[in-house]
Amino acid sequence: MRSYLTRDALVKWAPVIVLIVLVLFFALMEPRFFSVRNFARIGISSAPALMIALGVTFIIIMGSIDLSMEGTVSVCAVAFAFAFIAMGGTLASYAWLALPLALVVGAAVGLINGLVHVKLRIPSFMASLAMGFVGTGFALLLTGGDRIRVEDELFRSLLTVRFLNFPIMVYVALGFLLIAWFIQSRTTLGRNFYAVGGGEELAHSSGLNVNRVRLMGFTLAGMFYAVGALLAVGRIGIAETATGNNFMFVSITSVVVGGTALWGGIGGVWNTLVGVLIVNVINNGMVVIGLPGYVQDGVLGILVIIAVVLSTDRKSVTFVK
Amino acid sequence: MSFERIKTHLPWITLVLLVAIVGMADANFLRPHNLINMAADIVPLFIMALGMTFAIYIGGIDLSAQSVANMTTVIATVALPVFGVGAALICVVAGLGLGALSGFVTTRLLVPSFVSTLAVGGIAYSAGQYLSGQRALYMNAEMRDASFGWMVGNSFGIPHEIFVGGVLVLAAVFLQNRTTFGRALKAVGAGEPAAVASGINVARVKIMAFALSGMLAAIAGLLFSVKLSGGSPTIANGFLLPAIVAVLVGGTPLTGGVGGVVNTLIGTLIVAVIRSSMLYFEIDATQQQMVFGLVLIAAIALTIDRSKMRIVK
């Protein structure tokens, strides 16, 4: 039996085990946790975060990192809200065009992130961190600090209309999860992400245009951030500079806790789903059992460190900056 | 004169040019009174940037600085009635401890510093929220003046913050240039493999660098809370970006090894001048973040040592 308990197996299944243990723990502490109504609540809070975490998953598989999501999400949310209201303010009119427009904005911002990283040869964590600040600043410039209300009932049906007890936005998120899975496992681009993450020099010498894969990765991530922005606006009905707040910590935490290695090449979209659920179950469970919400960040911080330590193959790592 | 030779002089040239430009636009800017006040206002940020310098100098980064400063504003406010001036010691120890924790996680557990410090920042944030009960707290004015009045007074027309910053920068310069620890820092920043080969305990040097960064972030928080006479778990938000900008604009590259404490002093002054120039040129304050983000990208692109990075991840 011992051979089953290898490091690899532990690393692979640890996130799922953690998720199950957490659910059982909270269910035992407070039976109300284990109800469809509460699971729907977890689904609602997970949906936007999942989109953003999926976007950054691709980047982390490549061995890079993207810290720009707060800015990108805010820009997409604000651009969407302005376009939506300017073109009629309801999905029944031409205002539906604001949805694809938001995706285009997200892709454009992502591409700019990628260009700054690749063309100026700046490490991605710093390039994207700086671009995130620029994005938040740009959103602030657009709104002047105002909140923009998006009150169209048809758009808000993302939250208000339920199917089998779960609101539509949860199904939208699942749809995009399948798209992300398809990209990861059934397209050349997806394979290339793993090739770059597994060993960039090898990928380069086997004829892969690594920089182009990078740019496409960042563009793709930008589009997923835009979807996350749309769901976030759909959830609260407001687009503002603060729409993107806290997504950086939460999404990076989710990806890492889900078991995608920061070194690249390992993990994927299903890991991210588990990671997002872990983060949101902790979040929701703490409130349900009556613990103050602020403990969350500290607990997540500790979990992240444990997750990175578990997923690090010490033999292959020489220097850590 | 090649660009590489001018590069080391760019920070102070930039500073002089910026001051000249703003001075030409509005001569009031150049009044000593105005310049001194501007410098005094920037001191908390400068202290944080000073700490960040050590983290960047060894090739890492400290993203927890802002959360640590937030936390210490709360600690200072809560501890003041009980411990008086001893509150400062608690703040310093808390910052030192969290910084050392970041360093430990980075070096011993092999977690990249931007993740380890982000995680430790999460812990500091929770601690700040817990201690404050999630609200803004205020210091009793008498107690504040009795214990920390010396930090914010005014002598010979010069605000005391400038003396606080001055003492810290002198200590940091001494540490950097006149101690074996300073030489070890330089060795680690210039090239980690060589530092390991020459027998330096690299992990210990790095842990100490992060601990210094945490401690100075805590002192920044302490001074900030004394200045504002209170604390809150979000009061120092918005410090992180300008602090990183100050270090990088000053000429300490993200790849570490060159630059240092004095560069950060110049970098912080550049940040201060850009900030006030936005006032003089009537640029809306909401655009500050965008401007600093772009300045940051430009500064990194100019200063980074690409020969150190075979692959840019």
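Residue numbers begin at 1 in each chain, while the letters A, B, ... track the order of the sequences.
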**Q.** A:Thr57 and A:Thr272 side chains, donor-acceptor separation under 3.5 Å
**A.** yes
Q) Is any side-chain heavy atom of B:Pro242 less than 4.5 Å from a side-chain heavy atom of B:Arg275? A) yes
**Q.** Residue pairs passing the side-chain hydrogen bond (donor to acceptor under 3.5 Å, both in side chains) test where at least one lies in residues 242-252 of chain B, sequence neighbours excluded
**A.** none
(Q) Need one label for A:Ile59: side chain, backbone, both or neither, based on atoms under 4.5 Å from any heavy atom in chain B. (A) neither
Q: Could you have a look at A:Val116, A:Leu129, A:Leu140 and say which one has the most heavy-atom pairs with chain B under 4.5 angstrom?
A: A:Leu140
Q. Which residues, numbered in order, of residues 70-78 of chain A come under 4.5 angstrom of chain B by heavy-atom distance?
A. none
Q: Rounded to the nearest 0.5 Å, what's the gap from CE on A:Met248 to OG on A:Ser128? Could you check?
A: 8.5 Å
Q: Apply ring pair (Phe, Tyr, Trp, His ring centres under 6.0 Å) to B:Phe54 and list each qualifying residue two or more places apart in sequence or on a separate chain.
A: none
Q) Parallel, tilted or perpendicular: which describes the rings of A:Phe193 and A:Phe58, with under 30° parallel and over 60° perpendicular? A) tilted
Q) Going by heavy atoms in the side chains, are B:Leu109 and B:Phe104 under 4.5 Å from each other? A) yes
Q. Does the side chain of B:Ile61 reach to within under 4.5 Å of the side chain of A:Phe125, using non-hydrogen atoms?
A. yes
Q | Close approach to chain A in residues 115-126 of chain B, criterion heavy atom under 4.5 Å | A | B:Val115, B:Leu118, B:Ala119, B:Gly122, B:Ile123, B:Tyr125, B:Ser126
Q.
I'd like to check A:Asn280 versus A:Asn284 (side-chain heavy atoms, cut-off strictly below 4.5 Å). Are they in contact?
A. no
Q: Answer with yes or no whether the side chains of A:Arg214 and A:Ser64 bring together a donor and an acceptor at under 3.5 Å.
A: yes
